[in-house]
Amino acid sequence: MDILEGLNPAQREAAETTEGPLLILAGPGSGKTRVITHRMAYLVRVVGINPRRIMAVTFTNKAAREMRERLQVLLAGSVEHLSVGTFHAACAAILRRDGEALGLSPRYAIYDDEDQLGLIKRSLQDLGIDPKRYPPRSFQSAISSAKSQMITSAGFAQRARSYFEEVVSRVYRHYDTLLDQSQALDFDDLLMKASQLFQNHPDVLEKYQSRYLHLLIDEFQDTNITQYALAQQMAAKHRNICVVGDPDQSIYSWRNADLRNILNFERDYPEARVVFLEQNYRSTKTILEAAHQVVSVNRDRKENALWTDNEEGPPLRVVETFSESEESQFVVGEIDSLLRQGESRHMDCAVMYRTNAQSRALEEAFVRYGMPYQVIGGVRFYSRREIKDVIAYLKLIYNPWDSVSLARIVNVPPRGIGQKTMDELQQWAKGLGLPLYTALQRLAEDRSASPLGARSAQALAGFYSMMEELARQSREQGVVELLDNVLQASGYKEYTLEQPDGDDRWDNILELRGIAAQYQDLKPPEGLTLFLEGVSLFSDTDEMDEKKDLVTLITLHQAKGLEYPVVFIVGMEEGVLPHIRSFDDPAQMEEERRLCYVGMTRAKRRLYLVRSLRRSLMGGTNANPPSRFLKNIPAKLVQTTGLFGEEPKPAPRPKAGGVDLSAGDHVQHPRFGKGVVVSCTPVRDDQEVVVVFDGVGIKKLLLSLAQLTRRD
């Protein structure tokens with residue numbers, strides 16, 4: 001068979017370009033996954049490259065799984081030697097094999113977001129820093145940002161310029177110390193440590209450079225500085241690096257993605273060939289043109305003239321409602337209408353929003369009218385309490401130095417080991433300079449050696465003995481047998497079933513057992529290693545149920561990479577989309593525009609842009625003007641409707657100092673200083689102006705009393 005059969009000319013060019021750097025600029029719906037997989041198949045079947053010499057990395061398990069499934073067909077099942085996975089999974093495997101060169105144990109634990117936050121809180125406690133004054137999340141974000149730029153704790157301390165940065169540097173250093181003591185890595189460490197391994201040990205880098213002749217990177221616009229460094233290191237020998245992406249879909253700067261990586265690729269690889277994938281196979285002409293008009297306003301982009309042979313399609317529906325509850329009622333009612341007309345199923349419809357908080361009103365409406373739905377980004381399966389508990393047992397068996405897992409399950413189920421006892425144990429261990437588990441071992445061997453009371457010492461010794469026996473079993477048993485023994489020895493099954501919602505929680509544990517069965521045939525401890533690694537690297541969208549007939553409620557950020565016949569984007573208002581935080585930052589405003597573009601291009605047939613005249617968010621009710629993005633869509637592409645028989649009339653624009661004010665205007669207040677206008681609402685004979693002031697926050701002012709002046 002012709003491996004490239006069915007590809008259009010641009011796709012075929014991208015697949016057949018096999019030597020040297022290649023930049024594939026792929027717009028939404030242009031078949032980039034198809035191109036990547038066919039290119040890999042072409043390398044194997046036509047060029048004759050050994051599959052083990054090809055590595056492809058992407059950002060989600062879902063995308064990696066889809067690649068593997070397609071390659072399974074193209075290569076008739078011979079995909080076991082291909083390296084296809086996420087950046088984090090690839091680095092985790094590299095560190096398991098060669099991390100000892102950095103002093104890293106092959107049995108290191110991977111800490112997820114909740115584990116990291118717990119360790120940050122412990123760092124603040126150890127350092128005597130008030131978490132009310134400095135929120136733990138702010139430290140977590142600052143440390144993650146530093147690691148994504150390959151800045152170590154020592155490097156951060158040298159760069160600290162403000163008092164807060166000095167505090168962060170102390171927390172960063174202590175946080176890393178606690179990670180080392182627990183023989184654990186956080187998600188950012190997986191990338192940074194892998195890059196440090198390559199940088200400090202050229203022999204290790206040479207091994208991977210020699211093995212991988214071809215490197216393919218999907219969603220390149222989402223890479224951060226560390227990921228780009230890893231890509232450059234891996235591809236430096238052969239320079240066969242193929243990157244696929246779209247600057248117009250770069251929406252993750254808050255995750256430290258750096259748009260410059262894709263914009264500057266041709267500068268870093270002057271000999272690079274550039275291929276544009278411009279034919280869209282997903283959306284109607286109307287949707288595609290409207291989305292292009294929204295994103296084309298941006299400056300930091302590469303023009304990609306998307307086109308499609310698809311039909312014109314119906315006009316976009318811009319719908320104006322009075323409140324978020326009526327907005328939700330409209331969405332449910334319209335989906336019901338599409339269902340009754342036989343045009344769509346529940347699973348064909350997605351409702352997208354800027355922030356998770358917007359899902360509340362939507363969920364209330366879906367429940368009230370009995371319409372089936374799923375919320376993506378709610379309580380994840382692996383974040384459920386009972387699942388975290390059972391996995392913590394397995395993590396501690398695998399890596400006894402994992403202090404976060406130890407603290408989580410030492411008294412679950414209750415066994416008489418309270419927080420006071422744990423505090424005393426930690427203080428004793430700290431005084432001896434021992435890891436927590438080593439102190440536990442010493443206490444079990446000689447209870448009189450510790451300052452703890454007899455009852456507490458006995459309870460801790462009993463816990464230690466149980467864990468040691470389970471650790472012994474882990475060297476002989478498969479994952480499922482080990483999990484069963486954990487549930488029995490710990491009494492966790494009885495503990496779970498005694499709770500009011502115990503049956504549901506037990507069903508979740510049985511679901512986990514089913515997942516563990518996939519690793520049962522692997523020899524111990526390899527099965528446990530891969531099982532724990534898999535659950536640690538799971539993401540929100542991996543839990544989507546694409547087989548059940550459910551409407552999907554999802555944030556715009558999470559919707560990237562997905563597609564639906566019918567899409568509703570709610571909250572098309574100033575302060576919501578674009579978000580209020582972007583008003584005073586041109587770069588952030590461009591990202592908000594790209595986010596809107598991503599949402600619009602998820603739609604195949606129908607696209608609804610819905611706004612509310614009044615919305616309750618952030619603890620207050622605001623009257624926000626329409627999103628500026630709506631103004632960029634040509635009128636010929638839009639059908640605007642309201643729910644009150646006629647279109648809501650725009651409020652008269654308030655004036656300050658003889659100058660018109662509108663959302664986005666910069667103003668000056670004699671007391672609050674500089675600010676940006678969010679909204680203007682008529683109130684009797686006056687105007688209520690909502691302004692975000694620098695360093696002060698949101699203020700609602702009456703225009704007649706506010707003494708606002710406009711700033712250029």
Side-chain angles (χ1 to χ4, degrees), residues 4-15 24-38 63 66 70 219 244-249 275-296 301-319 334-335 337-339 341-352 546 551-552 554 556 559-569 593-610 629-630 632-640:
L4 305 184
E5 184 180 357
L7 299 188
N8 66 38
Q11 292 173 334
R12 181 177 282 267
E13 179 187 356
I24 303 174
L25 291 171
S30 60
K32 68 178 179 61
T33 304
R34 179 179 174 84
V35 169
I36 294 171
T37 51
H38 279 73
E66 185 179 346
R70 294 193 185 197
E219 304 289 7
V244 187
D246 180 9
D248 286 340
Q249 296 186 73
V275 177
F276 290 85
L277 301 186
E278 297 178 323
Q279 183 173 0
N280 177 283
Y281 293 92
R282 176 187 300 156
S283 306
T284 64
K285 287 184 171 69
T286 299
I287 291 172
L288 206 58
E289 183 180 350
H292 179 262
Q293 291 297 326
V294 169
V295 80
S296 63
R301 61 187 301 267
K302 288 179 178 287
E303 183 60 44
N304 196 351
L306 281 179
W307 59 276
T308 183
D309 278 335
N310 293 342
E311 62 182 2
E312 289 288 339
L316 276 62
R317 290 277 304 278
V318 173
V319 181
E334 187 67 15
I335 293 174
S337 176
L338 293 172
L339 291 168
Q341 294 169 22
E343 186 173 333
S344 301
R345 301 163 297 174
H346 292 103
M347 64 195 306
D348 294 331
C349 305
V351 188
M352 302 175 186
E546 297 176 336
V551 178
T552 297
I554 190 169
L556 288 161
K560 187 168 170 293
L562 306 176
E563 59 181 37
Y564 299 89
V566 180
V567 168
F568 297 81
I569 302 180
R593 193 174 287 279
R594 292 194 294 268
L595 186 59
C596 184
Y597 173 75
V598 165
M600 295 174 72
T601 53
R602 300 311 93 197
K604 293 182 178 181
R605 295 197 314 262
R606 290 186 176 275
L607 176 60
Y608 297 80
L609 305 177
V610 192
F629 304 151
L630 294 174
N632 300 124
I633 304 174
K636 66 178 182 178
L637 305 178
V638 172
Q639 175 189 346
T640 302

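Values reported hereafter were calculated over all heavy atoms of this structure, with side chains retained and with hydrogens, waters and symmetry mates removed.
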(Q) How long is the straight-line distance from CE of M352 back to CZ of F568, given to the nearest 0.5 Å? (A) 11.0 Å
Q: Evaluate the side-chain hydrogen bond (donor to acceptor under 3.5 Å, both in side chains) criterion for residues H292 and E303: first the C-alpha distance (whole Å), next the side-chain angles of each, then the deciding distance (0.1 Å), finally the verdict.
A: CA-CA 10 Å; H292 179 262; E303 183 60 44; 3.0 Å; yes
Q: Can you see which heavy atom on D246 is nearest to which on P28, and at what distance?
A: OD2-CD, 3.4 Å
Q | Atom pair CD/CG of Q293 and L288 - distance to nearest 0.5 Å | A | 10.5 Å
**Q.** Exam field: side chain N632 to backbone V295, donor-acceptor pair closer than 3.5 Å
**A.** no
(Q) Looking at N280 and R282, would you say the former's side chain and the latter's main chain have a donor-acceptor pair under 3.5 Å? (A) yes
Q: Of all the heavy-atom pairs spanning L25 and N304, show the shortest one and how long it is.
A: O-ND2, 3.4 Å
(Q) For A14 versus V35, what's the shortest heavy-atom pair and its separation? (A) CB-CG1, 3.7 Å
Q) Would you say R12's side chain and L4's backbone share a donor-acceptor pair under 3.5 angstrom? A) yes
(Q) Any heavy-atom pair between the side chains of V638 and L609 that's under 4.5 Å? (A) no
Q. Quick check: does any side chain N or O of T286 sit under 3.5 Å from a backbone N or O of P315, one acting as donor and the other as acceptor?
A. no
Q) Out of curiosity, Q11 CD to Q279 CD, how far, rounded to the nearest 0.5 Å? A) 7.5 Å
Q. Run the side-chain contact (heavy atoms from CB on, under 4.5 Å) check on V551 and V351 step by step: do they pass?
A. CA-CA 8 Å; V551 178; V351 188; 4.2 Å; yes
(Q) If the condition is side chain to side chain donor-acceptor pair (under 3.5 Å), which residues does K285 pass it with, not counting sequence neighbours? (A) none
Q.
Could you check whether any side-chain heavy atom of R34 comes within less than 4.5 Å of a side-chain heavy atom of Y281, counting everything from C-beta outward?
A. no
Q) Nearest 0.5 Å, what's the OH-CG distance between Y564 and L607? A) 14.5 Å
Q | side chain to side chain donor-acceptor pair (under 3.5 Å) against E13, all qualifying residues, sequence neighbours excluded | A | R273
Q: Work out which heavy atom in L339 is nearest to a heavy atom in H346; give both atom names and the distance.
A: CD1-NE2, 3.2 Å
Q. Within the distance-only criterion (no hydrogens, no angle test), does the side chain of N310 pair as donor or acceptor with the backbone N or O of S283 below 3.5 angstrom?
A. yes
**Q.** Residue of the set Q639, E289, M600 for which side chain to side chain contact (heavy atoms under 4.5 Å, CB included) holds with L316
**A.** M600
(Q) Using every non-hydrogen atom in the two residues, find where V244 and A26 come nearest and quote the distance to one decimal. (A) CG1-CB, 4.1 Å
Q: Could you tell me whether a side-chain N or O of R593 sits under 3.5 Å from a main-chain N or O of F629, the two making a donor and an acceptor?
A: no
(Q) H38 vs R70, test: side-chain contact (heavy atoms from CB on, under 4.5 Å). Steps then yes/no. (A) CA-CA 9 Å; H38 279 73; R70 294 193 185 197; over 6 Å; no
Q: Work out which heavy atom in G27 is nearest to a heavy atom in L306; give both atom names and the distance.
A: CA-CD2, 3.9 Å
Q) Any side-chain hydrogen bond (donor to acceptor under 3.5 Å, both in side chains) pairs touching residues 600-610, not counting sequence neighbours? A) Q249-R602, E334-Y608, E343-R606, S344-R605, E563-K604
Q | Identified side chain to side chain contact (heavy atoms under 4.5 Å, CB included) partner of V294 from the options I633, D248, L630 | A | I633
